[in-house]
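To start, the structure itself, in structure tokens.
It should be emphasised that the depicted structure is a prediction, and the values quoted were computed from it without experimental measurement. These numbers come from the heavy atoms of this one structure, side chains and all, not from hydrogens, waters or symmetry mates. In this chain, numbering begins with 1 at the start of the sequence shown. Each ligand, and each atom within it, is numbered from 1 in the order the structure gives.
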Amino acid sequence: MSRPPVSYYRATVPELPPRPQARGAVQAEVCIVGGGFAGLNTALGLAERGVRGVVLLEAAQVGHGASGRNGGFVFGGFSRGEAALLHDLGETHARRLYAGTTSAIATIRRRIEGYGIDCDRMDAGVLWANWFRDPGVLRSRQALMAEHFGADWQWVPEGELRGMLHTSRYSDALFEPGALHFHPLKYVRGIAAAAESQGVVLHEGSPATSLERCGSGWRVRTPDATLDARHVVLACGGYLAGLCDRVDDSVLPIATYVMATEPLGDRLREAMSTNAAVYDTRFAFDYYRPLPDTRLLWGGRVSIRERSPAAVARLLYRDLMKVFPRLAGVRVDYAWSGLMSYARHEMPQVGRIDEGLWLAQAFGGHGVAPTTLAGELLAGAIAEGDESWRDFSEYGLVSALKPFGHAGAQLAYWWYQARDAWKDWRERATSR
Ligand SMILES: Cc1cc2nc3c(=O)[nH]c(=O)nc-3n(C[C@H](O)[C@H](O)[C@H](O)COP(=O)(O)OP(=O)(O)OC[C@H]3O[C@@H](n4cnc5c(N)ncnc54)[C@H](O)[C@@H]3O)c2cc1C
């Protein structure tokens with residue numbers, strides 16, 4: 001298989017000249033480190049609240065990390081499931097956190113419209129398709145979402161699902177109607193431009209190399225600049241800033257993979273007659289969605305290492321064939337990987353970790369809406385002294401136990417994958 005050059009997302013946006021690097025001595029009110037969704041949402045939230053003197057440092061270019069490479073699913077909730085949230089926090093608190101992510105989806109819609117961000121938005125919801133025959137998993141999640149989170153997820157019976165996804169792979173599904181999907185790199189660029197138009201200064205090619213206390217504020221250095229700021233926000237995801245050991249030690253960078261097929265024309269409708277994005281009920285699930293030019297974007301798997309585009313394409317093509325064998329022979333035009341950041345507790349780490357030092361990281365594989373929520377909470381805290389970020393206090397900095405955490409994460413993945421394969425085999429054997 002030929003080596004796909006760049007991600008589909010990179011290939012479908014114009015090359016932009018890099019923004020200027022940070023240089024010299026700079027005074028700022030807020031210095032944000034990291035130009036992914038977490039950093040940019042904080043910057044934009046601050047600008048929308050009228051805060052001036054906001055400077056953002058990005059080591060590469062905005063959207064270089066997970067935010068510019070992800071599956072593009074914009075849906076409610078966190079990497080940690082809702083049942084676990086309920087167990088950890090009780091109903092009122094868990095419901096408030098979950099509601100934060102659905103109002104984040106509303107914020108995303110408002111920003112797309114208000115700032116005129118052209119990001120191939122498909123307002124078609126998300127299907128959670130049942131890989132197994134057992135309907136209990138869907139029914140109990142549907143009931144839990146309705147009863148404790150006020151969310152109306154619709155059950156899609158097998159016959160109806162077959163009319164949407166032309167495969168015998170799934171039995172039934174749950175439909176999350178409020179969700180959407182989009183081109184994440186176009187959206188990243190859109191919110192970066194919106195922040196800039198309101199006075200935020202963005203520097204690219206400007207890695208922060210050190211962080212130290214300086215009077216009542218903080219000093220951040222890059223290779224060519226020294227920034228003094230009253231507040232610093234660390235938002236570096238799985239690409240670890242290397243500025244503060246206890247921050248980096250508390251997350252595991254975990255890779256996941258994505259590919260995009262050639263444009264399929266009418267063949268796309270042989271596979272799916274819905275514009276919804278789809279993921280399935282396995283621990284190691286596939287996730288996919290139709291693209292506006294009739295390609296199929298397909299993602300899945302997690303690993304402790306990034307792989308070459310050719311290896312990613314090979315692995316994911318095999319996964320695609322398990323669901324849509326009728327697409328045999330389709331060409332894979334793009335394949336890539338990206339790093340997610342996971343905390344042991346699978347929840348984002350959001351809030352103040354020292355006087356004037358703020359953190360937004362560990363969004364895992366479920367970060368588009370939660371990074372928007374985090375940006376709003378941190379902007380509200382810095383601009384207005386709002387303390388709502390404390391809703392995340394239960395999920396603080398806990399050691400990710402590296403390097404054992406990495407081995408543990410890989411072992412857990414294999415174990416859950418084997419458990420799912422066993423369940424699948426048993427169901428098929430008993431239905432013969
Ligand atoms: C392949 C893939 C698919 C995914 N699919 C989905 C999905 O469909 N839906 C969903 O909700 N979530 C998804 N996620 C998760 C989601 O993309 C992330 O949770 C989210 O983008 C994290 O944003 P972030 O800003 O924390 O990190 P990132 O986007 O990774 O940004 C961190 C940035 O910090 C910069 N940086 C690092 N160190 C420094 C430094 N020292 N100085 C300056 N800059 C620095 C990096 O260059 C990078 O640009 C996916 C993730 C991946 C990898």
Side-chain angles (χ1 to χ4, degrees), residues 7 9 21-22 31-43 56-79 101 104-105 108 126 179-185 187-188 191-192 202-211 220-223 227 232-244 247-248 251 253-259 277-279 285 287-289 297-303 306 312 316 335-342 348-350 359-375:
S7 80
Y9 300 131
Q21 294 175 331
C31 172
I32 298 169
V33 185
F37 283 144
L40 288 165
N41 279 313
T42 307
L56 184 145
L57 300 173
E58 165 53 47
Q61 60 214 149
V62 298
H64 163 78
S67 303
R69 308 168 187 227
N70 62 57
F73 287 46
V74 185
F75 49 0
F78 302 92
S79 281
T101 63
I105 299 175
I108 291 169
V126 166
L180 62 128
H181 53 107
F182 66 8
H183 187 306
L185 186 56
Y187 184 71
V188 169
I191 57 173
L202 303 182
H203 292 294
E204 295 183 322
S206 301
T209 51
S210 72
L211 169 73
V220 180
R221 290 181 206 274
T222 74
L227 288 95
V232 169
V233 179
L234 301 178
C236 296
Y239 294 80
L240 307 185
L243 299 174
C244 178
V247 168
D248 287 359
V251 284
I254 303 272
T256 171
Y257 309 134
V258 191
M259 71 175 187
V278 183
Y279 66 120
F285 54 83
Y287 50 94
Y288 55 93
R289 62 192 187 92
L297 180 136
W298 186 279
R301 300 187 174 242
V302 295
S303 171
E306 295 194 89
V312 168
L316 294 185
W336 65 98
S337 57
L339 292 176
M340 309 172 286
S341 62
Y342 270 95
Q349 295 162 326
V350 177
L359 182 64
Q361 67 175 11
F363 295 93
H366 207 125
V368 179
T371 48
T372 308
L373 168 62

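Ligand 1 lies out of reach of Gln361, whose nearest heavy atom is not under 4.0 Å from it. Between Gly365 and ligand 1 there is a heavy-atom distance shorter than 4.0 Å. The closest approach between Gly72 and ligand 1 falls below 4.0 Å for a heavy atom of the residue.
Taking distance alone, with nitrogen or oxygen atoms compared against 3.5 Å, Phe75 stays at or beyond that limit from ligand 1. The distance criterion of under 3.5 Å between nitrogen or oxygen atoms is not met by Ala369 with respect to ligand 1. Geometrically, ligand 1 and Phe37 share a nitrogen or oxygen pair separated by less than 3.5 Å.
For ligand 1, the atoms closer than 4.0 angstrom to any heavy atom of Phe363 are 19 (O), 26 (O). With ligand atoms numbered from 1 in the order given, ligand 1 contributes 3 (C), 4 (C), 5 (N), 6 (C), 7 (C), 8 (O) to contacts under 4.0 Å with heavy atoms of Gly71. Distances below 4.0 Å separate heavy atoms of Gly338 from the following atoms of ligand 1: 53 (C). Residue-ligand proximity, Val33 to ligand 1, at heavy-atom distances under 4.0 Å covers atoms 40 (C), 42 (N), 43 (C). Of all the atoms in ligand 1, the ones that sit under 4.0 Å from a non-hydrogen atom of Gly364 are 15 (C), 18 (C), 19 (O). Residue Ala235 has at least one heavy-atom neighbour below 4.0 Å for each of these atoms of ligand 1: 32 (C), 34 (O). For ligand 1, the atoms closer than 4.0 angstrom to any heavy atom of Gly36 are 25 (O), 29 (O), 31 (O). Those atoms of ligand 1 that come under 4.0 Å of a heavy atom in Met340, given as number and element, are 51 (C), 52 (C), 53 (C).
Counting only non-hydrogen atoms, the option in Ala60, Ala22, Gly367 that gets closest to atom 12 (N) of ligand 1 is Gly367. The heavy atom nearest to atom 30 (O) of ligand 1, out of those in Ala66, Ser210, Gly237, is found in Ala66. The residue from Gly63, Ala38, Ala59 that puts a heavy atom closest to atom 45 (C) of ligand 1 is Ala59. Across the listed options Thr101, Leu211, Asn70, Asn70 owns the non-hydrogen atom lying nearest to atom 50 (C) of ligand 1.
For the pair Gly300 and Tyr287, the tightest heavy-atom approach, listed with the atom from each and the gap, is N-CE2, 3.4 Å. Scanning all heavy atoms of the two residues, the minimum distance from Ser206 to Leu57 falls at O-CB, 3.6 Å. In plain terms, the two heavy atoms of Asp248 and Ala241 that are nearest each other are OD1-N, 3.8 Å. Closest approach of Ile254 to Tyr342, counting heavy atoms only: CG1-CD1, 3.8 Å. When every heavy atom of Gly68 is checked against every heavy atom of Val188, the shortest pair comes out as N-CG2, 4.4 Å. Taking both residues in full, the closest heavy atoms of Arg289 and Phe182 are given as NH2-O, 2.9 Å, listed atom of the first, atom of the second, then distance.
Using a 30° and 60° split on the angle between ring planes, Tyr288 and Trp298 fall in the parallel class, below 30°.
For atom 42 (N) of ligand 1, the closest non-hydrogen atom of the protein is Ala208 N, 2.9 Å. Regarding atom 23 (O) of ligand 1, its nearest protein heavy-atom neighbour is Ser67 OG, 3.2 Å. The protein non-hydrogen atom at the shortest distance from atom 37 (C) of ligand 1 is Tyr239 O, 3.4 Å. Distance from atom 49 (O) of ligand 1 to its nearest protein heavy atom, with residue and atom name: Glu58 OE1, 2.8 Å. Remark: minimum distance from atom 2 (C) of ligand 1 to any protein heavy atom is reached at Thr256 CG2, 3.5 Å. Here the protein heavy atom with the shortest distance to atom 39 (C) of ligand 1 is Cys236 SG, 3.6 Å. Protein heavy atom in closest approach to atom 8 (O) of ligand 1: Phe73 N, 3.0 Å.
Here the side chains of Val258 and Ser7 are not in contact, with every heavy-atom distance at 4.5 Å or above. Side-chain contact between Thr256 and Met340 is present, with heavy atoms from C-beta onward closer than 4.5 Å. Inter-residue side-chain proximity for Tyr187 and Val74 is flagged as unmet; no heavy-atom pair is nearer than 4.5 Å. Taking 4.5 Å as the limit, every side-chain heavy atom of Val62 sits out of range of all side-chain heavy atoms of Ile191. You'll find the side chain of Ser67 stays beyond 4.5 Å of the side chain of Pro184, heavy atoms only.
Under 4.0 angstrom from ligand 1, the non-hydrogen atoms of Tyr287 all belong to its side chain. When non-hydrogen atoms are compared, ligand 1 lies under 4.0 Å from neither the backbone nor the side chain of Thr209. Neither the backbone nor the side chain of Ala255 has a heavy atom within less than 4.0 Å of ligand 1. Residue contacts with ligand 1 for Leu57 involve N, CA, C or O but no side-chain atom from C-beta outward (heavy atoms, distance under 4.0 Å). Contact annotation for Val258 and ligand 1: only side-chain heavy atoms (C-beta onward) come within less than 4.0 Å of the ligand.
Between Val33 and the options Thr222, Leu211, Leu243, Val233, a side chain to side chain contact (heavy atoms under 4.5 Å, CB included) holds for only Leu243. Each of Val350, Val368, Val251 was evaluated against Phe363; a single residue qualifies, Val350, per the side chain to side chain contact (heavy atoms under 4.5 Å, CB included) test.
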Problem set entry | Full working for side-chain contact (heavy atoms from CB on, under 4.5 Å) between Leu373 and Phe78 | CA-CA 11 Å; Leu373 168 62; Phe78 302 92; 4.1 Å; yes
For this session: Test side chain to side chain donor-acceptor pair (under 3.5 Å) on Gln61 and Glu204 and set out the steps.
Result: CA-CA 5 Å; Gln61 60 214 149; Glu204 295 183 322; 5.4 Å; no
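With ring centers used as reference points, Phe75 lies under 6.0 Å from His366.
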